[in-house]
Amino acid sequence: MKRILTTVIGTALALSGCSSGADDDTTDPAPSTSSETTARAVDATTSAKELQDAVPTVTKVVTITEDNDPNNLLGRPHGYESAAVLYDKAGTCDAPSSDCGAVIETFADESAAKARGEYIQGLLRESPVLGSEWDYVKGTSLLRVSGTLKPSANEAYAKAFGGEEVTAPQ
């Protein structure tokens, strides 16, 4: 029972869409110097804007910051380096989260992105009450598509993003 409770609480915290920060409509990341651009191969907001251009149901992109990060993982050890929320016409959310439609998270390396996707898929497999989502890894980026969207919407995101679908480890 203790293990189940710990898993449910940990899952709720990790996947929480609640945020104490206000909805931030800022879509542009902070300006970067050329050395920052080379050090950071992929920026989540840039990737999200590319998806916005390719998926017609995306209405806006919101950059995740320290103030609106629903998972409190931005810039922390084992966390993502950047993240952005894609608001979809069919998404339902009160604050920036994958429930809005989709989220792109970028990590230091591909193995960290894949590990995050596997972790989320494992939690959702063990606790279906928490909902569902589709996850895809491409390089250092993880695309998380809300399970509240229709499978056809997921297909549009997956096709535009590319990458490999992430499943729970066996």
With side chains defined as the heavy atoms from C-beta onward, is the minimum distance between Thr59 and Gln52 less than 4.5 Å?
-> no
Under 3.5 Å: donor-acceptor pair, side chain of Thr106, backbone of Thr140 | no
When rounded to the nearest 0.5 angstrom, what distance separates CG in Asn72 from CD1 in Ile64?
-> 10.5 Å
For Ala83 against Thr45, the heavy-atom pair lying closest together | O-OG1, 4.3 Å
Quick one: does Thr57's side chain have a donor or acceptor within less than 3.5 Å of a partner on Lys89's backbone?
-> no
Looking at NZ of Lys60 and CG of Asp88, how far apart are the two atoms once the value is rounded to the nearest 0.5 Å?
-> 13.0 Å
Look up atom CD1 in Ile104 and atom OG in Ser141, then write down how far apart they are to the nearest 0.5 Å.
-> 6.5 Å
From CD (Glu133) to CG (Leu123), nearest 0.5 Å = 10.0 Å
So OH of Tyr87 and OG of Ser97: to nearest 0.5 Å the spacing works out to 7.5 Å
Min side-chain heavy-atom separation Val62-Leu86 under 4.5 Å | no
Considering all heavy atoms of both residues, which atom of Ala113 and which atom of Gly139 are nearest to each other, and what is their separation?
-> CB-O, 4.3 Å
Taking every non-hydrogen atom, the tightest pair across Trp134 and Ser146 = CZ3-O, 3.4 Å
Considering all heavy atoms, the nearest Val166-Lys114 contact | CG1-O, 4.1 Å
Could you tell me whether the side chain of Asp69 and the main chain of Leu74 form a donor-acceptor pair under 3.5 Å?
-> yes
Closest heavy-atom pair, Phe107 versus Ala112, reported as atoms and distance to 0.1 Å, is CB-CB, 3.8 Å
Salt bridge check: are Glu164 and Lys138 linked by an N-O gap of less than 4.0 Å?
-> no
Contacts of Ala168 meeting side-chain contact (heavy atoms from CB on, under 4.5 Å) (sequence neighbours excluded), chain-then-number -> Gln121, Arg125
For the pair Asn154 and Tyr136, evaluate side chain to side chain donor-acceptor pair (under 3.5 Å) and give the outcome as yes or no after the intermediate values.
-> CA-CA 11 Å; Asn154 168 59; Tyr136 302 90; 3.0 Å; yes
Contact check, side chains of Asp135 and Leu142, non-hydrogen atoms, under 4.5 Å = yes
Counting N and O atoms only, with roles assigned by atom type, does the side chain of Ser127 sit under 3.5 Å from a partner on the main chain of Val129, one being a donor and the other an acceptor?
-> no
Do Phe161 and Val145 touch side chain to side chain, with heavy atoms closer than 4.5 Å?
-> no
Could you check if a side-chain atom of Tyr157 sits within less than 4.5 angstrom of a side-chain atom of Leu149, using non-hydrogen atoms only?
-> yes
Without swapping roles, check the side chain of Asn68 against the backbone of Thr65 for a donor-acceptor pair under 3.5 Å.
-> yes
Minimum heavy-atom distance between Arg144 and Ile120, given as atom pair plus value = NE-CD1, 3.4 Å
When rounded to the nearest 0.5 Å, the distance separating CD of Glu105 from OG of Ser98 is 8.5 Å
